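Predicted model, so just to flag it, every value in this text is computed and none were measured. Below, chain A is the first sequence line, B the second, and so on; all start at residue 1.
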Protein chains: 2
Amino acid sequence: MTSKPHPAHYTIRELAERFDVTSRTLRYYEQEGLLSPKREGAKRLYSQADKARLELILRGKRVGFSLEDIKDMLDVELLNAGSNRDGLEKSIARFEERIGVLKRQRADIDKAITELSNGKRWLEERLADREPPEDLKRRARAFEALAQARLTQWETGVGD
Amino acid sequence: MTSKPHPAHYTIRELAERFDVTSRTLRYYEQEGLLSPKREGAKRLYSQADKARLELILRGKRVGFSLEDIKDMLDVELLNAGSNRDGLEKSIARFEERIGVLKRQRADIDKAITELSNGKRWLEERLADREPPEDLKRRARAFEALAQARLTQWETGVGD
DNA sequence: AGACAAGTTGACGTGAACGTCAACGTAAAT
DNA sequence: ATTTACGTTGACGTTCACGTCAACTTGTCT
């Protein structure tokens, strides 16, 4: 049990390199209230908890949340410390909203993957039966036509 | 067969409203080479194909691609008109890369959904057994601890 | 002591993706 | 003929999320 699994705290560079961001970024996050590392004199010391928060922050970013959004989500504890019943319900509603956003986004991504896979297949076919450029031109329009066809299908659900 | 399923072309406002963007946005996309509607005099006329492209553009944006990325993807036909074998393979590689990005992003989203669902559940529990604020404070730390625990697990895979 | 790396705080700069505003054209309605 | 609605092209402003640079302190190695 005397093993030392992790350093217990990191310098700004260590954390920055580990997560492939710059130190400027970490200071900026602190300035925006997303991180609040301890200080040893003037120097910042990042704890495991800070590291965990950073991971959440970065994932939040990757999935498209703004820093302000992320701050709200991470500060949920503080938010509901200040407010009671009413604030709690509001917080819950916001969480549900975010979850909804993510689910829609997931659907978008699935569609995009399909598009790109189709595009890739199209390219691969071009590569396979390398035809004369004249024919290529004619076939090129098939791509847009395809996209349009897909769109037209959804359209029935959207209403015209 | 004399039915008129859709207008065949749209004004800038019609398209903007339908997709909930401003006309400025559409002009900007044109300026950046993402759209190229016909002109009737000075006015823009958007065809079905333009509409289809716009849909693709907007989804591309929603899943996090930059306009330049999107342009590249949509212009793939032109790209490979200029280049032959070599260009084709490069294009295919780029498509694969983008697909990879999206898949990673989808994984991120799934994780984020899990996080938020946990956060929501935590809030709901708070709401259910409304405890005295003192106890609340102690429990509040559970949230970060939880995040940290999850992080620690991954850590084994990342290496220290 | 001197050099050097790594940290700090301002302050200003930057790129993407538009917003906003001015000045103007055009087409239909009153 | 004038208003109203909608369109056009610049040109400049704005927000976010940092990048960059200067001037400085602090610790460490030689």
Side-chain angles (χ1 to χ4, degrees), chain A residues 7-47 50-51 53-75 98 101 105 108, chain B residues 7 9-47 50-51 53-75 98 101 105 108 112:
Chain A
H9 59 263
Y10 306 84
T11 132
I12 195 170
R13 271 293 152 89
E14 287 168 354
L15 209 59
E17 283 175 10
R18 174 175 286 269
F19 288 98
D20 196 36
V21 296
T22 69
S23 44
R24 174 67 173 98
T25 300
L26 296 183
R27 290 194 205 98
Y28 179 68
Y29 289 172
E30 181 174 353
Q31 175 186 322
E32 296 301 304
L34 287 155
L35 289 175
S36 30
K38 294 270 165 67
R39 297 298 184 107
E40 185 188 51
K43 296 182 177 173
R44 291 163 173 84
L45 287 185
Y46 294 87
S47 69
D50 292 323
K51 185 180 162 191
R53 278 180 79 93
L54 179 57
E55 170 69 31
L56 293 178
I57 292 166
L58 294 178
R59 180 161 52 245
K61 278 208 52 188
R62 287 198 299 268
V63 303
F65 288 125
S66 73
L67 291 185
E68 201 180 337
D69 281 341
I70 295 169
K71 182 179 151 74
D72 287 350
M73 299 192 294
L74 291 178
D75 283 357
R98 322 261 197 197
V101 168
Q105 206 160 337
D108 269 337
Chain B
H9 59 265
Y10 306 84
T11 136
I12 194 171
R13 270 292 151 89
E14 286 167 354
L15 209 59
E17 284 176 9
R18 174 176 288 268
F19 289 98
D20 196 35
V21 296
T22 68
S23 44
R24 174 67 173 99
T25 299
L26 296 183
R27 290 194 204 99
Y28 179 67
Y29 289 171
E30 181 174 353
Q31 176 186 321
E32 296 301 304
L34 287 155
L35 289 174
S36 30
K38 295 269 166 67
R39 297 297 185 108
E40 186 187 52
K43 296 180 179 172
R44 291 162 173 85
L45 286 185
Y46 295 87
S47 69
D50 291 323
K51 184 179 161 191
R53 279 181 78 94
L54 179 56
E55 170 69 30
L56 293 178
I57 292 167
L58 294 179
R59 181 162 50 245
K61 279 207 54 190
R62 287 197 300 266
V63 303
F65 288 125
S66 73
L67 292 184
E68 201 180 337
D69 281 340
I70 295 169
K71 183 178 151 76
D72 287 350
M73 299 191 294
L74 291 177
D75 284 358
R98 321 258 198 199
V101 169
Q105 206 160 340
D108 269 337

S.K.: Does Leu45(A) reach the side chain of Thr11(A), with side-chain heavy atoms less than 4.5 Å apart?
M.R.: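 SC-SC contact between Leu45(A) and Thr11(A) ruled out.
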S.K.: I'd like to know if the side chain of Arg62(A) and the backbone of Gln105(B) have a donor-acceptor N/O pair within less than 3.5 Å.
M.R.: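 No.
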S.K.: Nearest heavy atom decides the nucleotide; on that basis, is Leu67(A) or Arg39(B) closer to the 5' end of DNA chain D?
M.R.: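 Its nearest nucleotide lies further toward 5', so the answer is Arg39(B).
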S.K.: Is there a side-chain polar atom (N or O) of Thr22(B) under 4.0 Å from OP1 or OP2 of dG19(C)?
M.R.: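 Yes, Thr22(B) has a side-chain N/O under 4.0 Å of OP1/OP2 on dG19(C).
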S.K.: It should be established whether Tyr29(B) places a side-chain nitrogen or oxygen under 4.0 Å from OP1 or OP2 of nucleotide dC18(C).
M.R.: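 For dC18(C), OP1/OP2 do have a side-chain N/O of Tyr29(B) under 4.0 Å.
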S.K.: Could you tell me whether the phosphate oxygens of dC18(C), OP1 or OP2, come under 4.0 Å of any side-chain nitrogen or oxygen in Lys61(B)?
M.R.: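 Checking dC18(C) against Lys61(B), a side-chain N or O does come within under 4.0 Å of OP1 or OP2.
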S.K.: Taking CZ from Phe65(A) and P from dC16(D), how many angstroms apart are they, rounded to a whole number?
M.R.: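 Taking atom P of dC16(D) as the reference, CZ of Phe65(A) is at 17 Å.
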S.K.: Base, sugar-phosphate, or nothing: which does Ser23(B) touch, judged by heavy atoms less than 4.0 Å apart?
M.R.: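 Touches nothing.
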S.K.: Using whole Å, report how far CG of Leu45(B) lies from P of dA27(C).
M.R.: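 My rounded result for the distance is 13 Å.
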S.K.: Round to the nearest Å and state the distance from Lys71(B) atom NZ to dA17(C) atom P.
M.R.: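 Roughly 13 Å, once rounded to whole Å.
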S.K.: Given Glu30(B), which of Arg24(B), Arg39(B), Lys38(B) fulfils the salt bridge (Lys or Arg N to Asp or Glu O under 4.0 Å) condition?
M.R.: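 Checked Arg24(B), Arg39(B), Lys38(B) against Glu30(B); only one passes salt bridge (Lys or Arg N to Asp or Glu O under 4.0 Å): Arg39(B).
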S.K.: For Tyr46(A) and Lys51(A): C-alpha separation, side-chain torsions, deciding distance, then whether side-chain contact (heavy atoms from CB on, under 4.5 Å) applies.
M.R.: CA-CA 7 Å; Tyr46(A) 294 87; Lys51(A) 185 180 162 191; over 6 Å; no
S.K.: Please examine the side chains of Arg98(A) and Asp69(A), heavy atoms only from C-beta on, and report whether any two atoms are closer than 4.5 Å.
M.R.: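 Answer yes - side chains close enough.
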S.K.: Between Glu17(B) (CD) and dG7(D) (C1'), how many Å, whole number?
M.R.: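 It works out to 14 Å between those atoms.
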S.K.: Classify the nucleic acid contact of Arg44(A) as base, sugar-phosphate or nothing, counting any heavy atom under 4.0 Å across all strands shown.
M.R.: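 Contact class for Arg44(A): sugar-phosphate only.
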S.K.: Would you state whether a donor and an acceptor, one from the side chain of Arg24(B) and one from the base of dT20(C), lie under 3.5 Å apart?
M.R.: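 Yes, the side chain and the base share a sub-3.5 Å donor-acceptor pair.
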S.K.: Rounded off to whole Å, could you give me the CD1-to-P distance for the Ile12(B) and dC6(D) pair?
M.R.: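 Distance, rounded to whole Å: 13 Å.
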S.K.: Can you figure out which of dA17(D), dT8(D), dG7(C) approaches the side chain of Thr11(A) most closely?
M.R.: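 Of all the options, the side chain of Thr11(A) is nearest to dG7(C).
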S.K.: From CZ of Arg27(A) over to P of dT9(C), roughly how many Å is that when rounded to an integer?
M.R.: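 Spelled out: CZ on Arg27(A) to P on dT9(C) is 7 Å.
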S.K.: Using whole Å, what does the distance between atom C1' of nucleotide dA17(C) and atom CG of Leu58(B) come to?
M.R.: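 Value for this atom pair: 13 Å.
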S.K.: Reckon Arg13(A) touches a base, only the sugar-phosphate, or nothing at all at heavy-atom distances under 4.0 Å?
M.R.: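 The residue Arg13(A) makes sugar-phosphate contact but no base contact.
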S.K.: Between dG19(D), dT8(C), dT8(D), which nucleotide gets closest to the side-chain atoms of Ala42(A)?
M.R.: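 Shortest atom-to-atom distance from the side chain points to dT8(C).
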S.K.: Roughly how many Å is it from CD1 in Ile57(A) to C1' in dC18(D), rounded to a whole number?
M.R.: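 Whole-Å distance recorded here is 14 Å.
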